[in-house]
Amino acid sequence: MKVLVTGGCGYIGAHTIVDLINNGFDVVSVDSNIRSTTQLLDGIEKITGKKVRNYKVDLCNLEDTHAVFHENRDIVGVIHFAALKTVPESVADPLLYFHNNLTSLVNVLKCVKEFNIPNLVFSSSCSVYGNTKALPVVEETPIGEAQSPYARTKQMGEQIIEDYSHVNDTQSIILRYFNPVGAHPSGLIGELPLGKPDNLVPVITQTAIGKIPKMTVFGSDYDTRDGSCVRDYIHVTDIAAAHTKALQYLLDHKNESNCEIFNLGTGNGVTVLEAILAFEKISGVKLNYVMGPRRPGDVIAIYANNSKAKEKLGWLPQIGIEDCMRTAWQWEVSLRNKVLSN
Ligand code: NAD
Ligand code: WQD
């Protein structure tokens with residue numbers, strides 16, 4: 001069975017392709033490489049022994065997107081990862097985000113409809129909940145005020161899929177990721193942030209390796225157990241596995257409606273300082289950090305209730321914060337070794 005993965009050259013897409021292949025699926029990828037290279041495809045081939053074809057196509061271009069679907073009309077489903085995801089960039093250039101993330105989704109849905117593709121899985125984000133106080137968040141927790149245009153594209157993307165699902169036969173699953181971190185245990189694929197990273201874990205590993213001289217913990221006076229923000233860090237291979245399970249759930253017709261939503265988190269809240277401590281413990285590196293002011297727009301605390309994904313998809317996150325840090329560190333070290341050997 002063949003699956004079309006959009007954004008397959010990116011961080012979560014690449015890990016999901018590995019999981020799909022390991023579970024017997026054939027995969028084709030569509031990625032314009034606007035935020036990636038084809039480097040992770042080489043890693044996928046080393047891990048799985050399979051060469052994955054990527055169509056270098058911008059999904060905002062309907063004609064090109066249509067041509068890919070036309071050539072792959074035998075697919076059993078689409079997993080739609082492709083999007084821009086940098087929160088501060090979306091604040092600075094909202095139209096870029098609305099255009100890229102929503103036009104690409106609408107074009108994918110047009111092709112899904114035209115070619116009668118039965119199944120769709122969509123990457124959403126816990127950022128759709130906004131600054132909620134109801135913790136842990138369940139899927140029914142009301143959608144909050146979006147804290148950025150990026151988050152708004154995810155809220156709107158979900159609504160577009162829900163409206164589409166009311167009048168079309170496609171079975172859809174929306175997956176709301178909490179904070180995906182870590183890398184494949186092989187050290188062959190991982191996150192490749194272009195430019196300076198904003199997310200905590202790449203900031204930690206790049207500080208430890210010396211690419212960033214010193215990092216700042218944003219906020220020390222929050223009403224949390226140590227004053228820093230709380231997040232639900234979920235390993236990328238656990239996230240990847242959930243996509244295969246979601247697709248299988250749809251293929252087995254276990255879904256109760258045309259469009260179902262699942263939280264993907266561990267259910268455990270971890271503070272920034274606890275994450276740093278976990279990193280220092282597994283790496284033996286003393287991190288150079290300072291406590292700084294709050295980062296505007298940061299949610300104080302958020303973590304998932306993941307019971308629905310556990311019960312219905314049979315998904316069980318396997319990896320805790322220390323192994324998240326261990327694999328992220330292994331990946332950072334492998335990137336340095338690659339540079340040194342070139
Ligand atoms: P990523 O940037 O590593 O991968 C996204 C890929 O999509 C990139 O390779 C990029 O080149 C491609 N892309 C973007 N726009 C495109 C377009 N118009 N046409 C074709 N390709 C395009 O990001 P990721 O971390 O793998 O995220 C995957 C998805 O998960 C995104 O939708 C993101 O919003 C969502 N998500 C990510 C996180 C996270 O923290 N990483 C959290 C929640 C949700
Ligand atoms: C985590 C914690 C920071 C960097 C973002 C998006 C969200 C989702 C995941 C896509 C926060 C703190 C960070 C640093 C720090 N992405 N931090 N120093 O903000 O939870 O979520 O990524 O959907 O939509 O908003 O993730 O990794 O940026 O931050 O202290 O240098 O680490 O303040 O508390 P966030 P993050």
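Counting starts at 1 for both ligands and their atoms, in listed order.
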**Prompt:** Which heavy atom of the protein is the closest neighbour of atom 18 (N) of ligand 2, given with residue, atom name and distance?
**Reply:** Thr216 O, 2.8 Å
**Asked** Hey, is the main chain of Glu89 close enough, under 3.5 Å, to the side chain of Asp93 for a donor-acceptor pair?
**Response** no
**Request:** For atom 28 (O) of ligand 2, grab the closest protein heavy atom and report residue, atom and distance to one decimal in Å.
**Result:** Arg295 NH2, 2.9 Å
**Plane angle bin for His184 and His15 - parallel if under 30°, tilted between 30 and 60°, otherwise perpendicular** = tilted
**Message:** Does atom CG (Asp169) have a neighbourhood of more than 12 heavy atoms from anything else shown, all under 6.0 Å?
**Reply:** no
**Prompt:** Should one rank Ser228, Ser127, Pro197, Ser220 by closest heavy-atom distance to atom 24 (O) of ligand 2, which comes out on top?
**Reply:** Ser127
**Asked** Using heavy atoms and a threshold below 4.0 Å, how should the contact between Tyr177 and ligand 2 be classified: side chain, backbone, both, or neither?
**Response** neither
**Request:** Please state which part of Asn199 comes within less than 4.0 Å of ligand 2, counting heavy atoms only: side chain, backbone, both or neither.
**Result:** both
**Fill in**
Candidates Tyr150, Tyr289, Phe178, Phe218; heavy atom nearest atom 30 (O) of ligand 2 found on Phe218
**Item:** Heavy-atom side-chain proximity of Val78 to Val3 below 4.5 angstrom
**Value:** no
**Asked** In terms of side-chain geometry, is the basic nitrogen of Lys51 or Glu45 positioned less than 4.0 Å from the acidic oxygen of its partner?
**Response** yes
**Asked** Below 4.0 angstrom, N of the basic side chain to O of the carboxylate: do Glu322 and Lys281 qualify?
**Response** yes
**Prompt:** Polar-atom distance check: Leu200 versus ligand 2, any N or O pair below 3.5 Å?
**Reply:** yes
**Prompt:** Which part of Asp198 is near ligand 2, with near meaning a heavy atom under 4.0 Å away: side chain, backbone, both or neither?
**Reply:** backbone
**Shared-cluster residues of Leu287, by chain and number - hydrophobic side chains joined below 4.5 Å** = Val181, Leu200, Val201, Val203, Ile204, Ile209, Ile212, Met215, Val217, Tyr233, Val270, Val272, Leu273, Ile276, Phe279, Ile282, Val285, Tyr289, Met291, Ile321, Met325, Trp329, Val333
**Prompt:** Sub-3.5 Å donor-acceptor pair from the side chain of Asp238 to the main-chain atoms of Ile234, do we have one?
**Reply:** no
**Message:** Tell me the closest heavy-atom pair linking Leu247 and Phe25, and the distance in Å.
**Reply:** CD2-CE2, 3.9 Å
**Nitrogen or oxygen atoms of Lys85 and ligand 2 under 3.5 Å apart** = no
**Request:** Assign the ring pair Phe115 / His66 to parallel, tilted or perpendicular, where the plane angle (0 to 90°) is split at 30° and 60°.
**Result:** tilted
**Prompt:** Does Asp223 CG have over 12 foreign heavy atoms under 6.0 Å away?
**Reply:** no
**Message:** Within the 4.5 Å heavy-atom criterion, are Thr6 and Asp31 side-chain neighbours or not?
**Reply:** no
**Prompt:** Which is it for Tyr233 and ligand 2 at heavy atoms under 4.0 Å: side chain, backbone, both or neither?
**Reply:** side chain
**Message:** Return the closest protein heavy atom for atom 12 (C) of ligand 2 as residue, atom name and distance.
**Reply:** Val272 CG2, 3.8 Å
**Asked** How does Val87 reach ligand 2, if at all, at less than 4.0 Å between non-hydrogen atoms: by side chain, backbone, both, or neither?
**Response** side chain
**Shortest protein heavy-atom distance from atom 8 (C) of ligand 2, along with the residue and atom involved** = Ser125 OG, 4.1 Å
What are the atom names and distances for all N or O pairs under 3.5 Å between ligand 1 and the protein?
from: ligand 1; atom 1: 3 (O); to: Tyr11; atom 2: N; distance (Å): 2.9
from: ligand 1; atom 1: 9 (O); to: Asp31; atom 2: OD1; distance (Å): 3.3
from: ligand 1; atom 1: 9 (O); to: Asp31; atom 2: OD2; distance (Å): 2.6
from: ligand 1; atom 1: 9 (O); to: Ser36; atom 2: OG; distance (Å): 2.7
from: ligand 1; atom 1: 11 (O); to: Asp31; atom 2: OD1; distance (Å): 2.8
from: ligand 1; atom 1: 11 (O); to: Ile34; atom 2: N; distance (Å): 3.2
from: ligand 1; atom 1: 11 (O); to: Arg35; atom 2: N; distance (Å): 2.9
from: ligand 1; atom 1: 11 (O); to: Ser36; atom 2: OG; distance (Å): 3.3
from: ligand 1; atom 1: 15 (N); to: Asn100; atom 2: ND2; distance (Å): 3.1
from: ligand 1; atom 1: 18 (N); to: Asp58; atom 2: OD1; distance (Å): 3.0
from: ligand 1; atom 1: 18 (N); to: Asn100; atom 2: OD1; distance (Å): 2.9
from: ligand 1; atom 1: 19 (N); to: Leu59; atom 2: N; distance (Å): 3.0
from: ligand 1; atom 1: 21 (N); to: Ser32; atom 2: N; distance (Å): 3.1
from: ligand 1; atom 1: 21 (N); to: Ser32; atom 2: OG; distance (Å): 3.3
from: ligand 1; atom 1: 25 (O); to: Lys85; atom 2: NZ; distance (Å): 2.8
from: ligand 1; atom 1: 26 (O); to: Tyr11; atom 2: N; distance (Å): 3.2
from: ligand 1; atom 1: 26 (O); to: Ile12; atom 2: N; distance (Å): 2.8
from: ligand 1; atom 1: 32 (O); to: Phe81; atom 2: O; distance (Å): 2.7
from: ligand 1; atom 1: 32 (O); to: Lys154; atom 2: NZ; distance (Å): 2.9
from: ligand 1; atom 1: 34 (O); to: Tyr150; atom 2: OH; distance (Å): 2.6
from: ligand 1; atom 1: 34 (O); to: Lys154; atom 2: NZ; distance (Å): 3.2

**Asked** What is the closest protein heavy atom to atom 21 (O) of ligand 2, and at what distance does it sit?
**Response** Asn179 ND2, 3.9 Å
**Message:** Once you measure the plane-to-plane angle for His243 and Tyr177, does it fall in the parallel (<30°), tilted (30-60°) or perpendicular (>60°) bin?
**Reply:** perpendicular
**Prompt:** Can you tell me which residue and heavy atom of the protein come closest to atom 33 (O) of ligand 2, and the distance to 0.1 Å?
**Reply:** Asp298 OD2, 2.5 Å
**Message:** Which residue and atom name correspond to the protein heavy atom nearest atom 34 (O) of ligand 2, and how close is it?
**Reply:** Cys229 CB, 3.0 Å
**Prompt:** Does ligand 2 have any atom sitting under 4.0 Å from a heavy atom of Arg231?
**Reply:** yes
